[in-house]
Amino acid sequence: GAVVSQHPSWVICKSGTSVKIECRSLDFQATTMFWYRQFPKQSLMLMATSNEGSKATYEQGVEKDKFLINHASLTLSTLTVTSAHPEDSSFYICSAAGLAGPRYNEQFFGPGTRLTVL
Amino acid sequence: RKEVEQDPGPFNVPEGATVAFNCTYSNSASQSFFWYRQDCRKEPKLLMSVYSSGNEDGRFTAQLNRASQYISLLIRDSKLSDSATYLCVVNQAGGSYIPTFGRGTSLIVHP
């Protein structure tokens with residue numbers, strides 16, 4: 001149980017285009033979803049936290065107008081990278097939390113989306 | 001000072017060795033702690049939660065020292081398949097928690 005999917009798994013786009021990444025919890029209701037970015041040989045950097053039906057909370061230094069997050073349901077959150085530039089190329093990973101009981105704050109990660117902006 | 005610090009390594013050990021990693025955190029209000037494993041170009045996967053009393057899962061033992069604000073992971077009888085990056089995660093106060101990842105410690109187990 002507690003499976004999280006992400007789509008697409010990789011994307012290559014031209015500079016200036018927008019890219020939407022979907023994160024779905026397949027077998028549980030995710031009250032909270034997290035979006036991370038990871039550059040090569042670096043740690044995961046939390047970008048934002050989103051709760052279903054609420055506006056996302058962005059970490060310092062993350063532009064909310066550039067990285068649009070929508071958490072419309074308990075099983076789906078989307079991250080849209082608007083007007084992507086080469087420096088946005090990275091590995092984007094989502095995670096979801098929401099199991100009942102003692103595992104309530106355990107995160108389950110999606111497989112990640114590798115974005116390359118040309 | 002970073003909120004969560006880990007020695008990036010790499011730790012290069014032979015099969016069968018015992019290896020230990022530490023992770024220090026700066027926020028004394030931190031509430032929950034985890035060790036994740038991440039293979040190259042893959043997503044992190046939960047290895048184990050870290051409880052105040054310490055916990056063991058097979059060859060893996062996790063400890064929490066609140067007074068000194070660090071958690072540890074001990075791997076006994078290392079296998080080649082243990083080669084990966086080990087990330088510690090520290091969550092702040094419960095409720096709407098904020099997870100913070102360390103940069104990871106790289107482990108290479110060689111024959």
Side-chain angles (χ1 to χ4, degrees), chain A residues 1-7 9-10 21 23 25 31-60 62 71 90-99 101-116, chain B residues 1-10 21 23-27 29-53 55 57 62 64 84-108:
Chain A
V3 178
V4 176
S5 70
Q6 246 179 278
H7 178 79
S9 54
W10 59 269
I21 303 169
C23 177
S25 57
T31 50
T32 307
M33 284 188 170
F34 304 88
W35 286 96
Y36 296 86
R37 181 167 52 179
Q38 186 176 35
F39 293 106
K41 298 187 186 297
Q42 300 290 320
S43 183
L44 276 77
M45 296 300 297
L46 181 65
M47 299 175 68
T49 303
S50 74
N51 293 295
E52 185 263 340
S54 303
K55 287 186 179 180
T57 301
Y58 289 80
E59 294 300 299
Q60 195 171 14
V62 179
H71 192 164
S90 187
F91 190 43
Y92 291 85
I93 309 176
C94 73
S95 71
L99 290 185
R103 300 176 72 185
Y104 77 97
N105 62 357
E106 185 175 325
Q107 295 181 62
F108 299 91
F109 285 84
T113 298
R114 196 160 299 280
L115 170 64
T116 301
Chain B
R1 180 185 171 190
K2 292 184 180 177
E3 290 187 48
V4 178
E5 292 202 58
Q6 290 182 255
D7 180 346
F21 311 135
C23 170
T24 59
Y25 60 95
S26 60
N27 188 340
S30 300
Q31 293 290 319
S32 54
F33 311 87
F34 303 89
W35 282 102
Y36 279 79
R37 170 196 170 127
Q38 186 176 25
D39 293 290
C40 188
R41 301 174 79 86
K42 298 285 189 181
E43 76 277 20
K45 292 188 185 298
L46 179 68
L47 181 64
M48 57 199 307
S49 304
V50 187
Y51 303 120
S52 297
S53 55
N55 46 303
D57 183 3
L64 166 63
T85 297
Y86 291 83
L87 304 164
C88 76
V89 180
V90 176
N91 285 340
Q92 292 178 15
S96 57
Y97 59 98
I98 301 172
T100 304
F101 278 77
R103 64 172 294 180
T105 298
S106 177
L107 172 65
I108 301 170

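Worth saying up front: this structure is predicted, and the values here are computed from it rather than measured. To find a chain, count down the sequence lines: A is the first, B the second, and so on, and within it residues start at 1.
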How about Val4(A) and Cys23(A): do any of their side-chain heavy atoms sit closer than 4.5 Å?
-> yes
For the residue pair Leu46(B) and Gln107(A), establish whether any side-chain heavy-atom pair is separated by less than 4.5 Å.
-> no
Counting heavy-atom pairs under 4.5 angstrom with chain A, the leader among Arg41(B), Lys45(B), Lys42(B) is Arg41(B)
Where on Leu44(A) is there a heavy atom nearer than 4.5 Å to chain B: the side chain, the backbone, both, or neither?
-> both
Aromatic ring proximity Phe109(A)/Phe101(B), centre distance under 6.0 Å | yes
Of the listed Met45(A), Gln42(A), Gln38(A), the one with the largest count of heavy-atom pairs under 4.5 Å with chain B is Gln38(A)
Side chains of Ser25(A) and Met33(A) in contact at under 4.5 Å (non-hydrogen atoms) | yes
Of the backbone (N, CA, C, O) and the side chain (C-beta and beyond), which part of Gln6(B) lies under 4.5 Å from a heavy atom of chain A, both, or neither?
-> neither
Residue set satisfying side-chain contact (heavy atoms from CB on, under 4.5 Å) with Pro8(B), at least two apart, ordered chain then number -> Arg103(B)
Applying a strict 4.5 Å limit to non-hydrogen atoms, the region of Phe91(A) in contact with chain B is side chain
